[in-house]
Amino acid sequence: MPINPRATVTTARILSNRKVGAYHHIALEAGEVGKLAKPGNFIAIAVGGEYSAMPLHRAFAIYRAKADGVHASTVEIIVAAHGKGSEWLTKQSEGSQLRITGPLGTSFPLPAEPVNVAIIGGGYGSAPLFDLADHLKSRGCRVDAVIGASTSSKIFAPLDGKRTVNSVTVTTEDASAGVQGRVTDVLEELIERQKIDLIYSCGPMAMLKAVDEIAQRKQIPHLVSVEEAMACGIGICMTCVLPIRDANGTIKMSRTCIEGPVIDSECVVWSGGIPEGTWGAP
Amino acid sequence: MPINPRATVTTARILSNRKVGAYHHIALEAGEVGKLAKPGNFIAIAVGGEYSAMPLHRAFAIYRAKADGVHASTVEIIVAAHGKGSEWLTKQSEGSQLRITGPLGTSFPLPAEPVNVAIIGGGYGSAPLFDLADHLKSRGCRVDAVIGASTSSKIFAPLDGKRTVNSVTVTTEDASAGVQGRVTDVLEELIERQKIDLIYSCGPMAMLKAVDEIAQRKQIPHLVSVEEAMACGIGICMTCVLPIRDANGTIKMSRTCIEGPVIDSECVVWSGGIPEGTWGAP
Amino acid sequence: MSVVDLSTELAYAKFENPIFTASGCASSGKELSQFFPLTELGAMVTKSIMLRPRSGRATPRMAETPSGMLNSIGLQGPGIDHFLEDDLPWLLETGARAVVSIAGESVDEYGALARRLRGVRGIAAIEVNISCPNVENRGMVFACDPTSARAVIETVRINIGGEFPIIAKLSPDVTDICAIAGEVINAGADGLALINTLLGMVIDPKTLKPLLGGKTGGLSGPAIRPVAVRAIYQVHSRFPKVPILGMGGVASGSDALQLIAAGASAVSVGTASFGDPLAPVRIKSELASLLIHHGFARLRDAIGVAHG
Amino acid sequence: MSVVDLSTELAYAKFENPIFTASGCASSGKELSQFFPLTELGAMVTKSIMLRPRSGRATPRMAETPSGMLNSIGLQGPGIDHFLEDDLPWLLETGARAVVSIAGESVDEYGALARRLRGVRGIAAIEVNISCPNVENRGMVFACDPTSARAVIETVRINIGGEFPIIAKLSPDVTDICAIAGEVINAGADGLALINTLLGMVIDPKTLKPLLGGKTGGLSGPAIRPVAVRAIYQVHSRFPKVPILGMGGVASGSDALQLIAAGASAVSVGTASFGDPLAPVRIKSELASLLIHHGFARLRDAIGVAHG
Ligand SMILES: Cc1cc2nc3c(=O)[nH]c(=O)nc-3n(C[C@H](O)[C@H](O)[C@H](O)COP(=O)(O)OP(=O)(O)OC[C@H]3O[C@@H](n4cnc5c(N)ncnc54)[C@H](O)[C@@H]3O)c2cc1C
Ligand SMILES: Cc1cc2nc3c(=O)[nH]c(=O)nc-3n(C[C@H](O)[C@H](O)[C@H](O)COP(=O)(O)OP(=O)(O)OC[C@H]3O[C@@H](n4cnc5c(N)ncnc54)[C@H](O)[C@@H]3O)c2cc1C
Ligand SMILES: Cc1cc2nc3c(=O)[nH]c(=O)nc-3n(C[C@H](O)[C@H](O)[C@H](O)COP(=O)(O)O)c2cc1C
Ligand SMILES: Cc1cc2nc3c(=O)[nH]c(=O)nc-3n(C[C@H](O)[C@H](O)[C@H](O)COP(=O)(O)O)c2cc1C
Ligand code: FES
Ligand code: FES
């Protein structure tokens with residue numbers, strides 16, 4: 001299979017940039033990118049403008065992509081100001097231009113049958129899950145969402161997103177919204193109640209790991225979207241690697257920008273580092 | 001004498017930024033800077049914003065400074081987009097903030113008597129001369145201006161500036177405005193006609209040198225505002241030096257940011273480089 | 001494409017244009033081929049390949065720094081067998097020119113790699129990476145020691161035969177880069193690649209510990225360009241006949257021209273591709289315009305013009 | 001000012017806070033004193049002074065580079081006599097702590113400078129700049145040769161007596177900075193200053209010739225910070241008891257803390273002052289806040305925390 005099969009480099013124009021809780025919702029006029037994107041893909045953005053001291057790409061999950069409308073296509077992202085690059089991004093005004101590369105990475109595989117699905121999002125990790133939910137619903141799946149964060153402003157759960165799914169459970173660690181606690185505190189009960197067949201999750205690694213413990217215990221297939229520090233986003237720098245088990249059971253340090261971000265949790269070696277027996281390990 | 005005696009570091013707000021021919025006229029709300037500035041002083045500006053790859057100051061002559069008005073003070077500058085930093089500056093919009101340091105450098109000494117003065121400006125070099133003309137006029141001097149550039153768009157001669165002086169002669173090398181030629185082509189005639197007692201000039205080094213040849217020949221005192229590549233603008237880096245003769249006749253590599261930009265042309269060693277006999281020369 | 005003759009050569013290898021990828025910054029080509037035909041490049045320089053598969057270093061492997069980045073990949077790769085079976089044939093099939101970069105942990109390993117490459121058809125040149133600071137060989141870097149640098153190139157020379165030009169890639173982390181250059185030239189290098197990354201470190205502002213899994217990493221990107229220009233200038237003035245593949249912070253045609261004027265016959269683009277996959281082709285066309293602007297009919301006439 | 005104890009020491013010299021100017025980036029103090037009282041600084045490090053007046057190099061002397069700059073000042077200065085008669089008394093009168101930087105063209109010159117400084121009152125420490133790449137001494141830099149580095153420090157040690165701690169300032173342009181550090185420590189250095197500039201070059205895009213009058217120049221600014229952190233980390237892990245004055249691209253409190261965590265007992269701010277005269281005081285207050293944020297009651301507890 002070719003690598004980055006549908007990706008192009010595009011000058012995207014910011015259509016809108018507005019604050020949503022702790023995040024910024026940025027909509028881009030994005031050439032062909034929005035037409036070719038699948039749920040779970042991400043885009044890489046060059047930051048800092050012409051006089052930038054920041055040479056590297058920033059990765060953002062596609063929240064929504066649309067081919068229709070007045071523009072060639074639109075791509076929406078949800079940005080948390082983390083370091084300098086994402087902070088710069090949140091300050092860009094309508095009309096300004098960004099160099100984006102995408103769509104990149106793997107997408108969420110969809111079940112062939114109409115099954116009961118749980119989507120679990122941590123922080124801005126919920127962003128790509130609503131589009132996924134849309135696709136799942138149109139295949140007849142029941143979709144229950146669990147959205148967690150440390151505090152309410154970091155819950156990303158837009159109204160139309162909430163309408164798409166059958167139920168939304170919000171958890172916050174400080175009890176500022178929904179149930180006090182973590183997504184894992186409500187997940188088991190949800191699995192039982194809705195007879196969940198399949199779990200998709202996206203959020204911090206620690207959350208993915210905790211969700212996976214439950215999924216493993218309950219023997220439910222689990223697809224995760226991982227987040228590793230990325231320099232290029234297109235597979236040429238080898239910085240974004242994670243130990244991943246391949247079809248033959250061999251653990252390799254795999255690039256999460258092209259073999260991920262969406263990975264079957266069965267293949268993820270959660271211990272991190274370079275596990276013993278990794279292909280080519282010292 | 002203290003160094004940088006009236007300088008402060010100020011967060012200045014851009015009041016307006018508009019294109020004037022090949023230049024940008026930028027007005028700043030500038031704290032105390034405009035109150036303390038004298039004709040000939042300059043300001044140093046940090047460029048590129050928060051994520052800048054450009055660590056060094058940029059120097060701009062003060063075109064006009066005002067203490068009155070609604071703002072603490074205003075400072076106006078005329079910017080030619082030369083490299084990346086000045087280009088960035090020309091793109092900054094009204095309301096954005098700049099870190100400026102000033103007023104810096106020497107100012108134009110004013111004659112005690114009402115004499116006949118010629119001001120000679122090359123390109124944006126005319127910017128500081130109109131404010132000077134104002135001061136000269138209020139001391140009863142007659143002021144004739146010669147403003148030259150390669151082409152008309154690079155002639156900076158604002159209406160109110162023109163009104164201040166008794167006459168303006170424009171020269172352009174491509175004949176797109178005024179007399180075809182260089183400022184030196186019209187200067188001798190002007191000196192004769194108006195019985196010029198004193199010359200002030202500001203522009204490229206080659207122009208200053210050519211003007212000085214005439215001034216020397218005619219034995220007319222000549223004050224020049226020089227322009228050397230500057231890193232700091234405040235005397236701490238030693239990059240902006242020129243060979244300057246001091247009161248004892250000793251040639252020293254002097255910092256033009258603090259011993260200049262305005263220098264008596266008698267002290268300037270026009271040959272450049274490190275002339276033989278320079279203090280501490282190898 | 002343009003009226004300027006961009007063709008160049010590194011020893012007896014000829015290239016249609018001087019813009020190459022940089023080893024380790026373009027993997028083996030498949031990733032970038034989605035963005036532009038690899039035949040647009042003067043050559044694809046492949047990621048340094050070792051004898052055996054290698055997992056590389058622990059993550060995090062990167063840190064962005066002002067106008068630069070640190071990497072501590074640790075030469076992760078599939079090993080020479082997989083490379084010769086899979087990556088290289090794919091690359092050659094695209095019609096791209098291939099410069100194969102090799103790296104070893106011992107002089108013998110370089111020799112073994114050279115033997116594996118001997119007789120392989122279609123390779124334009126071999127870049128011998130003797131300067132990677134990431135190799136866990138008691139922290140020692142071949143390129144930092146004249147004797148080992150020489151030994152590696154001698155071994156490669158003997159084992160590879162005369163089929164491909166050997167380009168020795170040097171580290172700037174040395175007291176006297178001309179001395180190392182002299183050694184590898186004497187040992188049989190046909191050309192030099194200048195420069196590899198500078199050894200650097202970032203402390204994580206949160207944990208106050210070294211941020212990278214490998215603690216130190218290699219500094220690349222525009223930040224190091226002045227060091228690259230200096231190294232190329234120094235080496236070219238000492239060894240004007242030895243062709244140089246220049247690299248280090250090239251992000252525009254003007255940057256490439258700086259390296260060429262300093263003495264580079266061709267230029268690799270590394271870190272710039274991480275923020276713009278089209279960087280190599282953009283740089284090539286910017287360079288062509290600049291050459292025309294400066295009145296050069298041929299790229300070759302611009303090589304080393306900063307001297308004398 | 002803050003609830004954190006910022007005091008620090010370099011050998012037996014004590015300072016109220018760890019933020020110093022960098023030699024050659026603050027002249028002799030008068031220029032910055034308009035912007036803040038020099039007593040706000042841990043110490044004013046003066047521009048390296050030589051035995052005789054010196055005109056320095058031809059212009060242009062500077063080039064901005066991505067997140068950095070090159071300078072080729074060539075140690076312009078008035079010479080030690082003028083310095084002792086005029087600059088130093090002025091500086092001491094402000095109440096500022098003074099670290100005097102010296103530079104010579106021969107071992108003897110360093111010795112002569114040390115004799116001139118012997119017995120001068122009020123100096124907090126001597127920084128011996130053995131690493132300036134600009135000195136026109138056949139291109140050779142003392143700090144790049146273990147033998148000459150050692151000889152300089154030995155001479156200074158003998159001639160200066162035991163009045164001031166001697167801080168040897170090293171160049172990063174060496175294969176093994178720990179080896180040079182070891183030499184100067186054995187020769188009697190009480191502390192180390194790390195790092196001086198990296199040798200670099202810029203080609204003028206207009207003329208395609210070296211832009212600087214001196215052709216090469218010293219690279220400073222944020223671009224080199226990862227190299228500084230690495231050098232400090234390496235030297236501190238090898239010589240944990242030898243105090244380090246760190247420098248190289250510090251432009252914020254967080255940058256200063258990186259160098260301190262790597263092993264610096266104090267930090268010089270150089271190039272950052274060229275774009276912001278208030279940089280040293282801003283960095284000091286940012287550092288104080290960060291130390292509090294990380295739960296340090298005393299700066300000293302943060303020195304070297306990146307290790308182990
Ligand atoms: C597949 C994927 C999808 C993502 N989706 C989103 C999203 O929808 N919304 C959102 O706010 N953030 C998302 N992130 C995280 C986002 O990429 C980082 O927060 C961002 O790159 C940090 O850049 P910075 O300049 O703010 O921080 P800096 O620390 O200055 O970044 C420096 C460098 O490190 C890399 N880096 C640092 N942290 C991360 C990280 N967590 N992930 C990847 N690279 C990192 C950056 O790419 C950059 O090259 C996603 C990351 C990945 C890998
Ligand atoms: C006293 C003085 C007054 C000036 N007044 C004006 C003015 O009124 N209008 C105007 O348009 N320009 C003026 N200049 C020139 C202006 O400072 C430069 O054009 C500008 O600094 C170039 O910056 P850059 O980022 O565009 O170019 P770059 O080449 O990217 O600059 C890189 C570095 O070199 C320095 N530099 C490069 N060229 C010059 C130069 N000619 N003079 C000083 N520093 C330079 C910059 O300060 C910067 O640190 C003045 C210069 C001086 C010294
Ligand atoms: C992520 C990364 C990986 C690299 N891997 C290699 C490598 O495998 N072999 C090698 O010789 N150089 C390697 N380098 C160095 C580059 O080829 C190049 O010499 C250096 O990055 C300077 O060029 P640049 O500034 O354009 O990136 C690597 C650089 C980076 C950033
Ligand atoms: C313009 C300039 C002049 C310098 N002069 C000296 C000097 O005289 N003596 C010295 O030891 N270092 C000198 N340096 C080096 C600095 O002291 C410092 O080591 C280096 O610039 C790194 O710090 P920075 O990145 O904060 O500038 C000079 C640096 C610059 C930029
Ligand atoms: S981010 Fe570069 S390979 Fe994945
Ligand atoms: S510009 Fe720094 S001393 Fe004049």
With heavy-atom distances below 4.5 Å as the criterion, would you say the side chains of C/Val229 and D/Ile203 are in contact? yes
Does any non-hydrogen side-chain atom of D/Ile224 lie less than 4.5 Å from one of C/Leu219? no
Among C/Gly249, C/Pro222, C/Ala251, which residue has the highest count of heavy-atom pairs closer than 4.5 Å to chain D? C/Pro222
What residue in C/Pro226, C/Ala63, C/Gly308 has the most heavy-atom pairs under 4.5 Å with chain D? C/Pro226
Partners meeting side-chain contact (heavy atoms from CB on, under 4.5 Å) with D/Val305 (sequence neighbours left out): C/Leu208, D/Ala261, D/Phe296
Do you know which of D/Gly68, D/Pro66, D/Ala223 has the most heavy-atom pairs with chain C at a distance under 4.5 angstrom? D/Pro66
Interface check, chain C: of D/Ala262, D/Gly200, D/Cys144, most non-hydrogen pairs under 4.5 Å belong to D/Gly200
When you scan chain C against chain D, which donor-acceptor pairs turn up at less than 3.5 Å?
| unit_1 | atom_1 | unit_2 | atom_2 | d |
| --- | --- | --- | --- | --- |
| C/Ser67 | OG | D/Ser67 | OG | 2.6 |
| C/Thr175 | N | D/Thr175 | OG1 | 3.0 |
| C/Thr175 | OG1 | D/Thr175 | N | 3.0 |
| C/Thr175 | OG1 | D/Thr175 | OG1 | 3.3 |
| C/Leu199 | O | D/Arg230 | NE | 3.0 |
| C/Leu199 | O | D/Arg230 | NH2 | 3.4 |
| C/Met201 | N | D/Pro226 | O | 2.9 |
| C/Ile203 | N | D/Gln258 | OE1 | 3.1 |
| C/Pro205 | O | D/His294 | NE2 | 3.1 |
| C/Lys209 | NZ | D/Val305 | O | 2.7 |
| C/Lys209 | NZ | D/Gly308 | O | 3.0 |
| C/Lys215 | NZ | D/Tyr233 | OH | 3.4 |
| C/Pro226 | O | D/Met201 | N | 2.9 |
| C/Arg230 | NE | D/Leu199 | O | 3.0 |
| C/Arg230 | NH2 | D/Leu199 | O | 3.4 |
| C/Tyr233 | OH | D/Lys215 | NZ | 3.4 |
| C/Gln258 | OE1 | D/Ile203 | N | 3.0 |
| C/His294 | NE2 | D/Pro205 | O | 3.1 |
| C/Val305 | O | D/Lys209 | NZ | 2.7 |
| C/Gly308 | O | D/Lys209 | NZ | 3.0 |

